[in-house]
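As the structure lists them, so they are numbered: ligands from 1, and atoms in each ligand from 1. Note that this is a predicted model, so its numbers are computed, not measured.
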Amino acid sequence: MTNLTTKQLEYPISQDGAGSGDARDVHELRKQVDEILQKTPVFDLHTHLFAPEFGELNLWGIDELLNYHYLIAEMFRFSSITPSEFWALEKTKQSDLIWQTLFVENTPLSEATRGVVSVLNTFGLDTRAKDLRESREFFAAQNPADFIERVLKIANVTDIGMTNDPLDEAEIKVWKSGAKIDSRFHAALRLDRILNGWTDAVPLLQKQNYEVSANLDATTIGETRRFLDDWIQLMNPLYLGVSLPDDFAYPEESIRGKLIKEVVLPTCKEHGISLSLMIGVRRRVNPALKLAGDGLGRTDVSVVARICEENPDVKFLVTFLSRENQHELCVVARKFANLMPFGCWWFLNNASIVAEITRERFELLGTSFIPQHSDARIFDQLIYKWNHSRQLIADALFKSYKGLLEDGRIVTGKEIECDAAKLFSGNFRSWVAK
Ligand code: HDL
Ligand code: ZN
């Protein structure tokens with residue numbers, strides 16, 4: 001590799017004639033990358049947030065922030081309280097205990113605890129407070145609609161992918177009410193309860209007047225497709241999504257294997273809709289912790305190669321929960337153009353791992369991937385989840401640009417802007433044609 005001299009590095013000649021304001025040296029380049037990634041708006045493709053029209057389902061404020069299941073799991077590591085004692089407390093007592101345990105008696109060093117600190121700091125609240133009086137007063141004084149606008153602006157997020165369950169009573173009510181959903185909030189039709197819990201799903205489908213039975217006969221297959229057609233009509237989802245266990249296999253002689261093959265994939269083809277596979281979750285490793293009790297396992301990534309090869313006309317969004325699987329996913333994505341890796345999911349959304357995953361993606365895929373989603377469950381989380389991610393993605397992108405400079409090619413400010421737009425929204429929008 002010919003190393004450009006310092007002089008050349010300071011004044012590299014751009015092939016297309018770098019315009020003024022383009023990086024003249026690595027310090028200038030770093031500044032440009034940081035500025036551009038801060039100002040580039042984000043399409044957050046996977047969250048558990050809800051549009052304001054979903055009322056109580058839309059969570060925000062300090063008591064919800066502290067009752068995030070990530071923090072509940074961490075609290076049990078320090079506190080002597082048992083899960084059953086904890087679950088018996090009412091929400092504000094739970095958040096008092098979590099604050100006392102994780103933020104007062106111990107140093108908040110984890111990603112999830114630092115996130116709460118970052119949110120309080122953003123609103124000028126005392127991050128070393130001995131109790132939650134001040135923050136509760138602050139959040140109680142917020143107007144919900146104004147608060148949403150304020151958070152979206154701070155986080156520079158323009159669009160939110162929700163997670164929508166067509167079997168959830170509270171959600172069904174809103175969708176069937178004909179309420180006009182805020183256009184910045186987009187549905188994602190989640191198939192977990194159908195694909196991972198078919199026996200329990202059957203009576204719920206029957207309740208919505210679909211003639212299904214536990215055994216997957218032709219009528220049931222047809223009716224389940226009609227169910228998806230109707231909900232696609234109602235939700236206009238960005239994609240169909242499902243989380244899958246670490247031992248997910250495909251093709252597979254199982255209820256899930258048959259439903260994927262005979263219902264989900266034909267529906268994706270007929271509607272031209274993408275399928276999001278989030279693979280590697282081991283649900284209820286410790287059931288006593290409820291939502292906080294899930295874990296992860298490593299998957300045989302060849303399952304993704306097989307499903308992509310078998311369905312070349314379906315566009316797949318895929319992420320894994322195991323760090324090793326993310327590297328393997330990059331390699332499979334090099335083999336299949338209908339595979340779009342996305343996000344640093346859940347237990348991977350930590351600085352040290354986001355840095356590694358993002359760098360290996362640039363090294364193996366260029367800009368042909370979607371670096372992150374927030375998975376936010378509480379609105380305020382958008383602030384820290386995207387602040388942390390922007391910094392980490394900027395670090396990785398800068399390192400790649402710096403390597404390019406050293407190899408003899410400058411990047412212009414325009415190119416950085418274009419790359420950032422692709423990574424933060426463009427790749428996703430073109431993938432789902434939205
Ligand atoms: O299945 C999923 O979408 C996961 O993201 C789970 O909701 C998980 O509980 C979570 O919140 N991860 O961040
Ligand atoms: Zn999620």
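Taking the six-membered ring for Trp and the full ring otherwise, Phe123 and Phe147 have centroids separated by under 6.0 Å. Taking the six-membered ring for Trp and the full ring otherwise, Phe50 and Trp60 have centroids separated by 6.0 Å or more. Between His186 and Phe43, the distance from one ring center to the other falls under 6.0 angstrom.
The aromatic rings of Phe86 and Phe76 lie perpendicular to each other, with more than 60° between the two planes, well past the 30° mark. Classification of the Phe185-Phe379 ring pair by plane angle, with boundaries at 30° and 60°, yields tilted.
With a cut-off of 2.8 Å, the protein N/O/S atoms near the Zn ion (ligand 2) add up to 3.
Between Arg225 and the options Thr220, Asp230, Val264, Thr267, a side-chain contact (heavy atoms from CB on, under 4.5 Å) holds for only Thr267.
Side-chain contact between Asn236 and Lys434 is present, with heavy atoms from C-beta onward closer than 4.5 Å. Side-chain contact between Glu310 and Lys261: present, with at least one pair of heavy atoms (C-beta onward) separated by less than 4.5 Å. Contact of the Glu171 side chain with the Met162 side chain is not registered, since no non-hydrogen atoms from C-beta on lie closer than 4.5 Å.
Near ligand 1, residues His46, His48, His69, Tyr70, Arg190, Ser243, Arg283, Trp345, Trp346, Asp375, Arg377 each place a heavy atom inside the 4.0 Å sphere around the ligand atoms.
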